[in-house]
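Worksheet for the structure shown next.
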Protein chains: 2
Amino acid sequence: MTRDYRPAYQRVLDDLQERIAAGDLKPGDMVPSEGELAEEHGISRGSVRGAIRVLRDTGIVEVIRPKGTFIRTPPTRTVREPSSRYQWEKDRALLSREERLSTGASEKESGLDTADLEFSAKYEKTISDEYISGRLGVEEGTQVLKRTYSTTSIKSGSVIGRSNSYIPLDIVDGNPDLLDDRNEPWPGGTQHQLSTVGVEVDSISDRILARVPTVDERESMKIPEGTPLFVIEKTSIDIAGRIVEFSSILLPADRAELKYSIPLKRWKKGQHAGN
Amino acid sequence: MTRDYRPAYQRVLDDLQERIAAGDLKPGDMVPSEGELAEEHGISRGSVRGAIRVLRDTGIVEVIRPKGTFIRTPPTRTVREPSSRYQWEKDRALLSREERLSTGASEKESGLDTADLEFSAKYEKTISDEYISGRLGVEEGTQVLKRTYSTTSIKSGSVIGRSNSYIPLDIVDGNPDLLDDRNEPWPGGTQHQLSTVGVEVDSISDRILARVPTVDERESMKIPEGTPLFVIEKTSIDIAGRIVEFSSILLPADRAELKYSIPLKRWKKGQHAGN
DNA sequence: GAGTGGTCTAGACCACTGT
DNA sequence: CAGTGGTCTAGACCACTCC
């Protein structure tokens with residue numbers, strides 16, 4: 001007689017994964033309750049919970065309390081494509097107000113409906129701490145404009161992205177409109193805002209990290225378990241070589257993907273096939 | 001009298017986080033054992049385990065069995081900078097064999113020692129499935145060269161990255177050397193390999209996702225709990241507009257960061273300050 | 001009131017390592 | 001051998017929603 005040496009919770013896990021793979025459990029379906037599964041397998045509820053936790057932590061199921069545990073529907077991903085988006089924003093900064101009004105910034109991201117997006121912004125003057133100073137290349141204690149943005153999908157109630165943007169105050173204080181968050185959403189975005197104080201952005205550099213969200217972030221952005229967070233640190237440099245803006249952008253990785261295109265310089269004629 | 005309404009495991013969690021924040025528990029230190037913590041707080045071991053799980057899942061502690069639970073030392077991150085790296089690789093494809101030999105590909109990534117890196121490659125002819133066909137823009141069932149790469153840090157024994165690369169076979173079968181993995185590591189990398197069959201890469205597009213690793217990936221790449229996985233889907237397009245290579249690259253996010261620079265076109269003279 | 005998952009207890013046995 | 005975390009049990013009470 002062959003015994004089954006797998007731990008009890010592993011047997012439940014394998015069983016559920018088989019049912020999902022076989023299509024017996026489809027997205028939206030409720031997983032049998034913990035009590036039922038315990039009885040089915042002749043084990044205690046604690047062990048069943050171990051199996052369910054693995055499925056939750058890998059984003060396969062979602063607990064909706066107190067209804068039950070359900071197979072998750074994979075969310076649609078919003079594509080963020082900085083390599084073309086940043087240039088598009090720069091081109092737009094030269095257009096008239098009417099032309100800029102006709103298209104927004106976040107609507108450029110595909111996969112989502114404009115009408116479904118809710119946008120909020122808050123401005124605040126503050127003093128740069130060690131971290132922000134390092135990123136902006138200014139002295140600690142320098143006055144900066146801190147702008148906090150949040151984009152939410154109304155339908156799903158989930159946050160698409162959230163960002164903190166920092167600009168040295170002396171760059172923007174020539175235009176009082178730039179210090180007032182009632183002017184948001186600003187048609188044309190940051191690059192147009194900067195253009196009103198004579199700043200032309202020359203290049204933008206993105207640093208990308210991924211990590212597990214903190215408990216606070218999970219709750220405030222309604223991120224399900226098993227979903228990492230993209231952290232994009234965006235640095236804008238103007239044609240004089242100054243850092244004119246730094247943003248830290250948080251994107252839940254189950255609803256975002258990033259895309260960068262890198263064009264390469266052409267070889268000169270007849271140059272290929274180095275030996 | 002004020003009662004403490006937090007769940008028991010939450011109290012242990014908060015306590016441990018305070019001790020870490022205060023510096024009482026530093027990287028490398030052992031967290032008190034589950035039994036000790038249970039006694040300290042007058043609760044059962046099961047509740048203590050709940051607190052420890054949160055810390056493990058957010059990458060703060062690491063369990064080394066059967067020694068104990070320890071505060072993790074944040075690993076050094078390897079910077080991957082595709083926007084300059086791809087151009088650098090292209091430039092290198094034109095150099096002589098000696099010049100190409102003098103510098104490797106992965107050594108361009110900063111943060112790691114060349115001598116510490118172990119590299120392995122395996123080639124295999126195969127038939128493209130639906131997914132790969134879609135990515136390469138070829139018909140399902142087309143013959144492709146599949147190349148599997150793995151880079152490991154010898155010292156830490158952990159995998160830095162792993163990738164699967166696919167090239168339509170008709171592109172490379174003109175040069176038998178390209179079908180033989182004994183020629184790896186190939187000085188100059190993929191772009192030089194392609195140059196030997198007359199292919200000049202014109203642009204490369206990276207699609208970036210992040211997700212929680214599967215159990216298999218966690219074990220084979222020695223990824224600690226609480227660490228997401230970067231998935232980079234890299235598509236190379238040649239000057240004729242053909243897709244000449246597709247790779248899927250896995251990078252554990254605790255030891256990687258990505259960096260992309262986007263140069264912007266200059267405005268013409270006197271063009272700023274659109275109204 | 002019935003059913004769900006969240007939390008908790010007080011025990012238990014196990015595999016593994018280091019002394 | 002002692003000490004660690006991994007697994008497990010058989011109960012229990014709770015807050016919440018739906019009917």
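Per chain, numbering begins at 1; letters A, B, ... match sequence-line order.
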request  = Name the residue closer to the 5' end of DNA chain D, choosing between Pro66(A) and Ser47(A) according to the nucleotide with the nearest heavy atom.
outcome  =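 Looking at DNA chain D, the more 5' nearest nucleotide goes with Ser47(A).
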Report task. Please figure out whether Arg45(B) or Ser44(A) has its closest DNA chain D nucleotide nearer the 5' end. Result ->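 So the residue in question is Arg45(B).
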Covered region of DNA chain D, 5' end to 3' end, by chain B [heavy atoms, under 4.0 Å]: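 So the outermost contacting nucleotides come out as dG3(D) to dT7(D).
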In plain terms, say whether [X] and [Y] are close enough for a salt bridge, that is, a side-chain N and a carboxylate O under 4.0 Å apart.
| X | Y | result |
| --- | --- | --- |
| Lys122(A) | Glu184(A) | no |
| Asp15(B) | Arg19(B) | yes |
| Arg80(B) | Asp206(B) | no |

- How are the rings of Phe246(B) and Tyr166(B) set to each other: parallel, tilted or perpendicular (split at 30° and 60°)?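 Plane angle under 30°, so parallel.
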Considering every strand and a 4.0 Å limit on heavy-atom distances, what is the contact class for [X]: base, sugar-phosphate, or nothing?
| X | value |
| --- | --- |
| Ile64(B) | nothing |
| Glu36(B) | sugar-phosphate |
| Ile52(B) | nothing |
| Arg53(B) | nothing |

Correct closest heavy-atom pair for Arg11(B) and His41(B) would be O-NE2, 4.4 Å
Using every non-hydrogen atom in the two residues, find where Ala51(B) and Tyr9(B) come nearest and quote the distance to one decimal.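 It is CB-O, 3.4 Å.
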